[in-house]
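Working notes for the structure below.
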Amino acid sequence: MTSNPDDSTELARMQRWFQAVVSHPDGVEAGATSPEAEAEFGSSENPLESILTGSSKLDPANRIAVYANAYFARLVDCLGEVFPILKRTLGDEAFEGFAAEYLKENPSRSYTLHRLGLRFPEFLAVTRPPREDASQPDWADFLVDLARFELELYEVFDGPGIEDGPRLDVAQLEALDGPAAEITRLTPAPCLRLVATSFPVSEFYTRARAAAADAELEFPDPEPSWVALTRRDYVVRRLPLAAGEHALLKQLIEGAAFGPALEAAAVRDDLDEATVGAWFARWAREDLFVGVVGS
Amino acid sequence: MSDRLSRRSFGRFTSAAVGGLMLGSTAVLRAAEGKGTNDPANLLLDPHVCRGLNTCKGKGKGKDNSCAGVGKCATAEAHTCNGDNACKGQGGCGEHPGENSCKGHGSCGVPLDDKTWKKARKSFEAQLTKKGQKFGAAPAKKA
């Protein structure tokens, strides 16, 4: 480098310039003429050549492109870790192509890479080609479903959980009588998520995880599916749900009291008490709720 | 209260719900009593090393990095999850010599192409063909 980075101010300027060039989604040439880069060393006709020196084998642009490529390669790798089964389903080349396009439109702007993939499912949904038959979900919907599912898994895995928090208080439950139960609300576990998909994505996910690395994954036929995701002892758990179970659970998570939620469920799904009791027992066993309020 | 759901029926439903919660909660308590306490130190048994990026629980790097969850799932999967867990398996990192040559990461270069959906389509057409399912021509990209 031709600049003198001896003092900390100069070094800091060079670091900011380097970051602006290396992380620019349109490449190092575009990065070198970006406002962020020019704010450090001004503008010139050939900024890369004026700031960097070449080697015997690489000119300045190609030298710094090594770092730019490594930067994006790491980001693509990180997305692959958030969406491992999607990557496996698509194949490395297609997945990395999607990831690269996504990163171009959604460059990393956060101090943490945890947020890198948050918009990836939406990106796939927006860029997907039109359906051949608008009346039913197609293969692109499956990819979007799978991406959304894996993102939810990732967030449940990495987000707040119940490991050190309160659980349902049996004594509090015992105190509930009829009128009190009617206005009771449940506090959902912070790690509880519901996922509704047009394909049996959770089953596919299980198959894909169990399949040999070189096994071909056959994508499933459309079928509405519901699953609850939660985490216990730092392990993410997936609970397949019936349609009515999902609907009732969703109402309770959204804050509905027992009364209106149960009444709606009973009318909608023609439920019996045994089914209701079994659902609530299952939800309690799985720690889907951690508190009782309003009683 | 709707016509279809009498006060008596409604009472039975709420009783069933509360009873279910109590049954499930009691089962959790019993299971916890039988299992004993978790030892947080177990998390440190796994030799995984975090990337220090998005995969860990914000514990920083170093050999005392707990990588909460990552270490746990490596052992928990076989014993308690019955294959139903979704541990990310994101341990293992470190720098790879030569990675900055971008070998194996061709599509990460710039400029980026926008033909990836076609590649995905090709893959799924192959699968549909294998399953014997018919499919139409790929639609044009949205305007």
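By convention in this document, chain letters (A, B, ...) are assigned in the order of the sequence lines, proteins followed by strands, and residues within each chain are numbered from 1. All values derive from a computational prediction rather than experimental measurement.
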If I measure from the heavy atoms of chain B, does A:Leu143 come under 4.5 Å with its side chain, its backbone, both, or neither? side chain

With a 4.5 angstrom heavy-atom cut-off, is it the side chain or the backbone of A:Leu75 that approaches chain B, or both, or neither? neither

Does a side-chain heavy-atom distance below 4.5 Å link B:Trp117 with A:Leu124? yes

Relative to chain A, which segment of B:Ala17 carries a heavy atom at a distance below 4.5 Å: side chain, backbone, both, or neither? both

Using a 4.5 angstrom heavy-atom cutoff, name the option from A:Thr89, A:Asp221, A:Leu168, A:Asp287 with the most pairs to chain B. A:Asp221

Test item: A:Thr275 and B:Phe13 side chains (from C-beta on) under 4.5 Å apart, heavy atoms: no

Name the member of A:Asp138, A:Asp169, A:Val276 that forms the most heavy-atom pairs with chain B at distances under 4.5 Å. A:Val276

In terms of heavy-atom pairs under 4.5 Å, which option from A:Gly117, A:Gly259, A:Ala265, A:Ala30 contacts chain B the most? A:Gly259

Starting at CZ of A:Arg167, measure out to CG of B:Leu29 and round the result to the nearest 0.5 Å. 9.5 Å

Are the side chains of B:Val18 and A:Phe258 in touch, meaning some heavy atoms are under 4.5 Å apart? yes

Taking only residues two or more places apart in sequence, or in another chain, which ones meet A:Glu163 in a side chain to side chain contact (heavy atoms under 4.5 Å, CB included)? A:Arg231, A:Tyr234

How about CG on A:Asp164, more than 12 heavy atoms from neighbouring residues, nucleotides or ligands closer than 6.0 Å, or not? no

Looking only at heavy atoms, which two atoms of A:Ala284 and B:Ser25 are closest? And how far apart? CB-N, 3.6 Å

Note: B:Met22 and A:Leu173 closest approach over all heavy atoms is CG-CB, 3.5 Å

Is A:Glu132 salt-bridged to B:Arg121, cutoff N-O under 4.0 Å? yes

Go through A:Arg282, A:Arg232, A:Glu174, A:Glu286 and name the one with the most non-hydrogen pairs under 4.5 angstrom from chain B. A:Glu174

Please look at A:Asp272 and chain B and tell me whether the side chain, the backbone, both or neither of the residue comes under 4.5 angstrom of a heavy atom of that chain. backbone

Tell me, side chain or backbone of A:Phe142 under 4.5 Å from chain B's heavy atoms, or both, or neither? side chain

Please examine the side chains of B:Leu21 and A:Leu176, heavy atoms only from C-beta on, and report whether any two atoms are closer than 4.5 Å. no

Between B:Thr26 and chain A, which part of the residue has a heavy atom less than 4.5 Å away: side chain, backbone, both or neither? both

